[in-house]
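Worth saying up front: this structure is predicted, and the values here are computed from it rather than measured. Just so it is clear: chains get the letters A, B, ... in the order the sequence lines come, proteins before strands, and each one is counted from 1.
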There are 2 protein chains.
Amino acid sequence: MARNGSPPDQVAAVRDQLRARGLRWTPQRRTVLEVLAETQGHVTGAELIERCRARDPATIPSTVYRTLDVLEEIGLLRHGHGPDGREEFHVGPEPEHGHLHCAGCGASWELGSDEAAALMTAFEDSHGFAVDLSHLTVVGRCRDCRTANAP
Amino acid sequence: MARNGSPPDQVAAVRDQLRARGLRWTPQRRTVLEVLAETQGHVTGAELIERCRARDPATIPSTVYRTLDVLEEIGLLRHGHGPDGREEFHVGPEPEHGHLHCAGCGASWELGSDEAAALMTAFEDSHGFAVDLSHLTVVGRCRDCRTANAP
DNA sequence: GCTCCTATTGCAAGAGGTTGCAATAGCAAC
DNA sequence: GTTGCTATTGCAACCTCTTGCAATAGGAGC
């Protein structure tokens, strides 16, 4: 389960980052951090709250969302919006990446870093626009759904 | 205000499309249609409801959303999700298009059709994936915000 | 004009998320 | 160990959107 170093280490590191910014270390934040430490990839806000409640039934949603805001500010995670507009959090050291979502079968893939780079370069050149990949979800229909639908 | 033909014409055309599908023409749908007829570009669900209420204070949100679903089904409009995940409707005969949204200043632009085409072709080639442009919002930072922030 | 079938409405409840505010509790300094 | 400042919390209310269900009302057929 642990990736590199024990989970307590990661949590302690975040605690220090918070303190260094004059922010505070509270039991509620510890709970959120612990949940995140054993989470990889994408989670929705609702899932996160549910898992926090499993650890501490007294968890309040607004506290979780506010903690997530703080963690995003210090760069520990990023949020985006899934195909249905619901909030989705991307945890951990994985590089930011976009998503491809099929409206037909509901499957989703991560965008390869080469494609992502091409996309970013394109917008950079044409608009001077810096794309935030973690916020990018491309919705459409995958090959399978297209062939199934229009032979 | 009127685009081509008088607004009543557009509304009547929709009425006939609905009837042709065995669907019904109701005062509530007429209200929504009238509001849409004088709307161009992007609207959020909430805005639409507000405008419907201006015409008919008895308007109920669920009715509006359900009407919008129906209208989307017959191809009269498309919905997507704005940068904050809120629903956004794109009205009228304009071709589908993606959006660029600056997280810094909140501005947003439409994607040029050439860029959009390039993007679609790219995903088509690499994944056989058909992008739904109307659902595409690219979030990032525009040239101005970038230069303002990192000189 | 009247009937009947059923699409649609209105309502109420619920899910996911946000916000304002008074009370609480970190933690730094003494 | 106390004190005091203020970041956080918990709560309650609110917003946007969805869903289930009984009651209503289009409109096709007679």
Ring pair (Phe, Tyr, Trp, His ring centres under 6.0 Å) involving A:His99 - partner list, sequence neighbours excluded
A:His42, A:His90, A:His97
Using a strict cut-off of less than 4.0 Å between a Lys/Arg side-chain nitrogen and an Asp/Glu carboxylate oxygen, indicate whether B:Glu124 and A:Arg143 qualify as a salt bridge.
no
Protein-proximity profile, nucleotides 23-30 of chain C, B/S/- by nucleotide at the 4.0 Å heavy-atom cutoff, equals --BBS---
Reading 5' to 3' through nucleotides 10-18 of chain D, protein heavy-atom contacts under 4.0 Å coded B for base, S for sugar-phosphate only, - for none
BB----SSB
Gap between atoms CD and P, on B:Glu73 and C:dT8 respectively (whole Å):
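Roughly 10 Å, once rounded to whole Å.
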So, does A:Thr137 use its side chain to make a donor-acceptor pair with the main chain of A:His81 at under 3.5 Å?
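Answer holds: yes.
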Would a distance-only check, ignoring hydrogens and angles, find a side-chain to backbone donor-acceptor pair under 3.5 Å from B:Arg55 to B:Thr31?
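Between the backbone of B:Thr31 and the side chain of B:Arg55 there is no qualifying donor-acceptor contact (under 3.5 Å).
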Could you check if a side-chain atom of A:Phe123 sits within less than 4.5 angstrom of a side-chain atom of B:Leu111, using non-hydrogen atoms only?
yes
Which atoms form the tightest heavy-atom contact between A:Cys142 and A:Trp109, and what is the distance?
CB-CH2, 3.4 Å
List the residues meeting side-chain hydrogen bond (donor to acceptor under 3.5 Å, both in side chains) with B:His79, not counting sequence neighbours, and say none if there are none.
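B:His79 satisfies side-chain hydrogen bond (donor to acceptor under 3.5 Å, both in side chains) with B:Glu72 only.
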Testing the 3.5 Å rule here: is there a donor-acceptor pair between the side chains of B:Arg51 and B:Thr39?
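Yes.
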For the residue pair B:Arg30 and B:Thr26, confirm or rule out a side-chain donor-acceptor distance under 3.5 Å.
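The criterion, which ignores hydrogens and geometry beyond distance, is not satisfied for B:Thr26 and B:Arg30.
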Residues 11-21 of chain B, side-chain donor-acceptor partners within the protein, below 3.5 Å, at least two apart:
none

Which residues within residues 50-57 of chain A lie with some heavy atom under 4.0 Å of an atom in DNA chain D?
none
